[in-house]
Each structure stands twice: as C-alpha cells, then as structure tokens.
Amino acid sequence: MKIGKKIAWALLLIFVVMQFIRPEKNEDTSDHLAAFLSETNPPDPVLHVMKTSCFDCHSNHTVYPWYNQVAPINYWLADHIEHGKGHLNFSAWTEYDTGEKDHKLEEIYETVESGEMPLKEYTWTHGEARLTQEQRDAVMDWVRVTRTRLASNALPE
Ligand code: HEC
C-alpha cells in the first residue's frame, strides 16, 4: 500500500473511533437558573436575549445543534461551553458573592455593548442570536437597575 493510502486509512479509523468517545453533555434539567432569575428579575425581552444568545454557553444547560453529533465538532463545542462557564455561569449564581455578581453584571454590560458577546462563532450558526441595538439597550438597562439594587442590598444594616 502506498504511504498516502495508509495515512488516509489511519485518519479514517481515528475519525470513526472518535465518534464513540464523546465529551459529557452539558444538560442539567433541574431548576438551575432559579436563583439567578429570582435575584436579577430580567424583564421578558432580556430573558429572551439570554435564552437565545447566552445560556447555551453560560449555563448548565445547552440546547445542542444537530452537528454536535459529529466529532470533533462536539469537542470544539464542549470546549467553548466549558470556557464560557468558567468565566460566567448563570446556573452557579449563588456561588458568587455580591462583589462578584456586580463584576459579572458589569462585564455583561461591556461585552454586550461592544458586541463581543455573543461570540461570532455562535451567531454564524445561530442567526437569531444576533442582537439588535434595541436588545442591547434592554440588556444594558437591566444591568444598570440590577447593579443599583444589588449595591443597596449590600449596604450594612
Ligand atoms: C458560543 C458560546 C458563547 C455564547 C453564545 C456567549 N458567550 Fe460569553 N463567553 C464565551 C467564552 C468562551 C468566554 C470566555 C472569554 C472569551 O473566550 O472571549 C465568554 C466570556 C464572557 C464574559 C466574561 C468576559 C470576561 O472578560 O471575562 C461575559 C460577561 C460574557 N461572556 C457574557 C455573555 C453574554 C451576556 C452572552 C449573550 C448575549 C454571551 N456571553 C454569549 C462563550 C459564549
């Protein structure tokens, strides 16, 4: 067999084996967002933005696209989700103290205002996740109100 052919067969074999070794899915079905939602109380348009543009990478539950069936795409997505959750996980809201919550909210404001979030790689394949200026403004308003509220709650009694 020619070397090129051998390499092609080896690659094919690796590809096939890869399909059977899957990264664990991010699919918590409990009420993992309850604490975040009750404390920050996002109005419907903001909640809609979160659901369509943020929760897939920043919560414990991802709605996977069909191509997540295919390795190595599933590894690539798992990596994005892990990385995204490492920076901000709405399902882990109770693990942040007031200062951290405030900082996360500030970063949400900045990344949404600048268009850094949601990531381009995501909006290429999720057209509905692209934010309009109106949606950005709604998120920014909600952040302002929520930070003010958190700050006043944090004052000593
Ligand atoms: C495709 C996955 C994905 C989506 C969708 C996504 N993010 Fe992210 N986000 C990431 C990753 C990965 C990081 C880690 C930093 C980086 O690589 O830019 C991150 C980082 C962040 C950070 C922390 C920034 C910092 O400097 O540490 C904030 C805040 C954030 N995202 C907010 C959002 C908001 C709000 C949305 C929805 C409007 C959103 N993200 C949508 C993947 C995503």
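Atoms within each ligand, like the ligands themselves, are counted from 1 in listed order.
Nearest to atom 36 (C) of ligand 1 among the protein's heavy atoms is Cys54 SG, 2.8 Å. When only non-hydrogen protein atoms are considered, atom 17 (O) of ligand 1 lies nearest to His83 CE1, 3.8 Å. Atom 1 (C) of ligand 1 has as its closest protein heavy atom Cys57 SG, 2.8 Å. At the top of the distance list for atom 18 (O) of ligand 1, counting protein heavy atoms only, stands Met117 CE, 4.0 Å. Residue, atom and distance of the protein heavy atom nearest to atom 24 (C) of ligand 1 are Glu107 OE1, 3.9 Å. Nearest protein neighbour of atom 41 (C) of ligand 1, counting heavy atoms only, is Ser53 O, 3.2 Å. Annotation: atom 42 (C) of ligand 1 to nearest protein heavy atom, Leu119 CD1, 3.6 Å.
Under a 4.0 angstrom heavy-atom cut-off, Asp56 registers as lying outside contact with ligand 1. At least one heavy atom of His58 sits less than 4.0 Å from an atom of ligand 1.
The aromatic rings of His87 and His83 are tilted relative to each other, their planes meeting at an angle between 30° and 60°. Using bins of under 30°, 30° to 60° and over 60° for the plane-to-plane angle, the ring pair His61/His32 lands in the parallel bin.
Tested against Val143, the residues Val46, Leu105, Val112 include a single side-chain contact (heavy atoms from CB on, under 4.5 Å) partner, Leu105.
Counting all heavy atoms, side chain and backbone alike, His80 lies closest to Leu119 at CD2-CD1, 3.5 Å. Of all heavy-atom pairs between Glu100 and Glu95, the closest is OE1-O, 3.8 Å. Pairing each heavy atom of Arg130 with each of Gln135, the nearest pair is O-OE1, 3.7 Å.
Contacts between His87 and ligand 1, counted as non-hydrogen atom pairs separated by less than 4.0 Å, involve the side chain only. The side chain of Leu88, and not its backbone, has at least one atom closer than 4.0 Å to an atom of ligand 1 (non-hydrogen atoms only; side chain from C-beta on).
Residue contact check: His80 has heavy atoms under 4.0 Å from atoms 12 (C) of ligand 1. For ligand 1, the atoms closer than 4.0 angstrom to any heavy atom of Gly84 are 10 (C), 11 (C), 12 (C), 13 (C).
At least one donor-acceptor pair under 3.5 Å links the side chain of His126 to the backbone N or O of Tyr122.
Counting only N and O atoms by type, the side chains of Asn60 and Lys85 include a donor and acceptor under 3.5 Å apart. There is no side-chain donor-acceptor pair under 3.5 Å between Arg147 and Tyr109.
Where the criterion is an N or O separation shorter than 3.5 Å, residue side chain and backbone included, Thr111 fails it with respect to ligand 1.
For atom 29 (C) of ligand 1, the nearest protein heavy atom lies under 4.0 Å away.
Between Asn68 and Lys25, the closest side-chain pair of non-hydrogen atoms falls below 4.5 Å.
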